[in-house]
**Student:** 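Right, I'll just put the structure down here and ask away after.
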Amino acid sequence: MRQLTILVIAVLLAGCVTETKGPQQMQPASPEKQLQTLVDLGVGYIRNGEYARAKDNLNRALAIDPNSPRVHNAFGLVFQLEGETDLADRHFRKAISDKSYTRAFNNYGAFLYAEGRYREAIEQLKVAGEDQFYQNRPQVYENLGVSYMQLGDMENAEAAFLRATQLNTSQGRALLEMAEFRYRQQNYVEARDYYRRHVNSSSQSARSLWMCVRLARVFGSENDEASCSLTLKNIFPASDEAKLLEASR
């Protein structure tokens, strides 16, 4: 917040971003650097829930480059958060017109998923997954797996979750989904391995505790079964998994 405040004050006082080249030598920053600073400010305001200020900075960035995929992607995010789905869709579409900006394909895919447009989400996420240098590629495949599950396509869902765990050995949701797949396939050793990796990377949930109970029963671990059962009942008493636990007794 302190760094963000300093950036805001600098922009307001100077009217434009400047950079220093050598002692006592100041000259206006390039339009690209001005744009990046404004986008960064906009994203910072989005994270803080200050959407009006975010849009103000993004509009200034848009004046510098009306076709910037970074600006349109950020606009898509802020309008999505405000519930302006038509505007969000419009800006995300403008962002993905630049095929090199992978982040927009991932964010647009997540937006489409949230809107229940699963097939369209898959198409965007598949494009994002093809970028081998995209930093959030494991998350893309995890999102892809969840989208396939919504369509009942378990074969492609499993393949996507597996790819996510290969790209990131600590991809929490994908690890738990792989544990579920292996458990249903009666491959209990691999299911336990995926479950343990999930626990090491994520907080326990009703689903993971229920997996713990089932695996403990398979491997005859009474202590683990008792511990996970107690936690499930106490922390998530109204969950579907707690009901399954009670029914399984």
**Student:** Whether the side chain of E142 engages the backbone of A174 through a donor-acceptor N/O pair (distance < 3.5 Å, no angle test) should be reported.
**Tutor:** yes

**Student:** Please identify which of these residues, R103, R93, Q124, meets the side-chain hydrogen bond (donor to acceptor under 3.5 Å, both in side chains) condition with Y108.
**Tutor:** R93

**Student:** Nearest heavy-atom pair of S201 and G172: which atoms, and what distance?
**Tutor:**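 Taking S201 first and G172 second, the nearest heavy atoms are OG-CA, 3.8 Å.
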
**Student:** Check this for me, if you would: do R192 and D224 make a salt bridge, where the nitrogen-to-carboxylate-oxygen distance has to be below 4.0 angstrom?
**Tutor:**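 No, R192 and D224 are not salt-bridged.
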
**Student:** What closest approach, in Å, do I46 and A54 show between heavy atoms, and which atom pair accounts for it?
**Tutor:**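 In terms of heavy atoms, the two residues are closest at CG1-CB, 3.6 Å.
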
**Student:** Kindly indicate whether the side chain of L209, heavy atoms from C-beta on, has any atom under 4.5 Å from the side chain of E241.
**Tutor:**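 No, too far: nothing below the 4.5 Å cut-off.
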
**Student:** Would D98 and S100 count as having a side-chain donor-acceptor pair, cut-off 3.5 Å?
**Tutor:** yes

**Student:** Do you know which of E177, M178, M211 makes side-chain contact (heavy atoms from CB on, under 4.5 Å) with Y194?
**Tutor:** M178

**Student:** For the backbone of Q139 and the side chain of N136, can you confirm whether one donor and one acceptor N or O come within less than 3.5 Å of each other?
**Tutor:** no

**Student:** Given side chains that start at C-beta, do those of E123 and R117 come closer than 4.5 Å, heavy atoms only?
**Tutor:** no

**Student:** Hey, is K99 close enough to E130 for a salt bridge, meaning N to O under 4.0 Å?
**Tutor:** no

**Student:** Got a salt bridge between E158 and R184, using NZ or NE/NH1/NH2 to carboxylate O under 4.0 Å?
**Tutor:** no

**Student:** Cut-off 3.5 Å, side chains only: do R197 and T165 have a donor facing an acceptor?
**Tutor:** no

